[in-house]
Amino acid sequence: KEKKLFSGSWKYKRCLIPASGFFEKKYRIRKVNYETFWLGGIWSKWNSPDGAELESCCILTTEPNDLIKPFHHRMPVVVPNGYEEAWTRQVKNENDLKDLIPIMKSWSSDGWFVEYINKKPCNQMNLF
């Protein structure tokens with residue numbers, strides 16, 4: 001579902017954000033071999049109230065695959081290897097945008113690992 005605010009970025013300003021993992025609740029999801037992968041995002045350039053020109057980006061989400069479903073109802077878009085150029089190419093019309101939908105669909109969980117992260121608040125950590 002496209003938000004009007006992002007329509008220009010969705011059509012013309014898609015980007016790749018490198019990642020080594022992402023978090024859902026108290027779990028880190030990463031590749032088994034620790035390989036870096038691409039998250040699909042969009043970016044924009046805007047002026048802040050004080051006149052500074054800023055660039056920002058956000059990671060897009062999609063429906064979860066079987067690996068993520070137990071933790072959350074959404075997951076980040078992971079752009080598969082070999083689809084980087086297709087993801088970042090500017091599109092001419094709505095049909096070109098539809099070609100991106102298969103890239104955004106849930107990816108195979110083969111080669112991925114979910115690890116529990118035991119985070120303790122800083123004031124409760126044993127330092128000695």
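All residue numbers refer to positions in the sequence shown, counting from 1.
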Partners passing ring pair (Phe, Tyr, Trp, His ring centres under 6.0 Å) against W112 (at least two apart in sequence or in another chain): F37, W107

Residue list, side chain to side chain donor-acceptor pair (under 3.5 Å) with K69, at least two apart or on another chain: none

Residues forming a side chain to side chain donor-acceptor pair (under 3.5 Å) with T36, sequence neighbours excluded: none

What distance separates [X] [atom1] from [Y] [atom2], expressed to the nearest 0.5 Å?
| X | Y | atom1 | atom2 | value |
| --- | --- | --- | --- | --- |
| I103 | R14 | CD1 | CZ | 8.5 Å |
| I42 | I17 | CD1 | CD1 | 9.0 Å |
| L60 | L100 | CG | CG | 10.0 Å |
| T62 | I101 | OG1 | CD1 | 9.5 Å |
| W38 | T88 | CH2 | OG1 | 9.5 Å |

Does [atom1] belonging to [X] count more than 12 external heavy atoms closer than 6.0 Å?
| X | atom1 | value |
| --- | --- | --- |
| E84 | CD | yes |
| D66 | CG | no |
| F22 | CZ | yes |

Expected output: side-chain E35 to main-chain N33 donor-acceptor under 3.5 Å: no

Minimum-distance pair of heavy atoms, taken over all atoms of [X] and [Y]:
| X | Y | result |
| --- | --- | --- |
| C15 | W43 | CB-CD1, 3.9 Å |
| E24 | P76 | OE2-CD, 4.4 Å |
| I117 | Y27 | CG1-C, 4.3 Å |
| A19 | L39 | CB-CD1, 3.8 Å |
| M104 | V77 | CE-CG2, 3.7 Å |

Transitive ILVMFWY side-chain link I29 to F113, under 4.5 Å: no

Verify same cluster id: V32, L67 (apolar side-chain graph, 4.5 Å): no

Residues that R74 engages under salt bridge (charged side-chain N to carboxylate O under 4.0 Å, His left out), provided they are two or more places apart: none

Please output the side-chain donor-acceptor pairs of residues 51-59 that fall under 3.5 Å, not counting sequence neighbours, one pair per line with the distance.
unit_1 : atom_1 : unit_2 : atom_2 : d
S56    : OG     : W46    : NE1    : 3.1

Pair listing, salt bridge (Lys or Arg N to Asp or Glu O under 4.0 Å) test, anchored in residues 101-115, at least two apart: R28-E115, R30-E115

Any N65 side-chain heavy atom under 4.5 Å of M75 side chain: yes

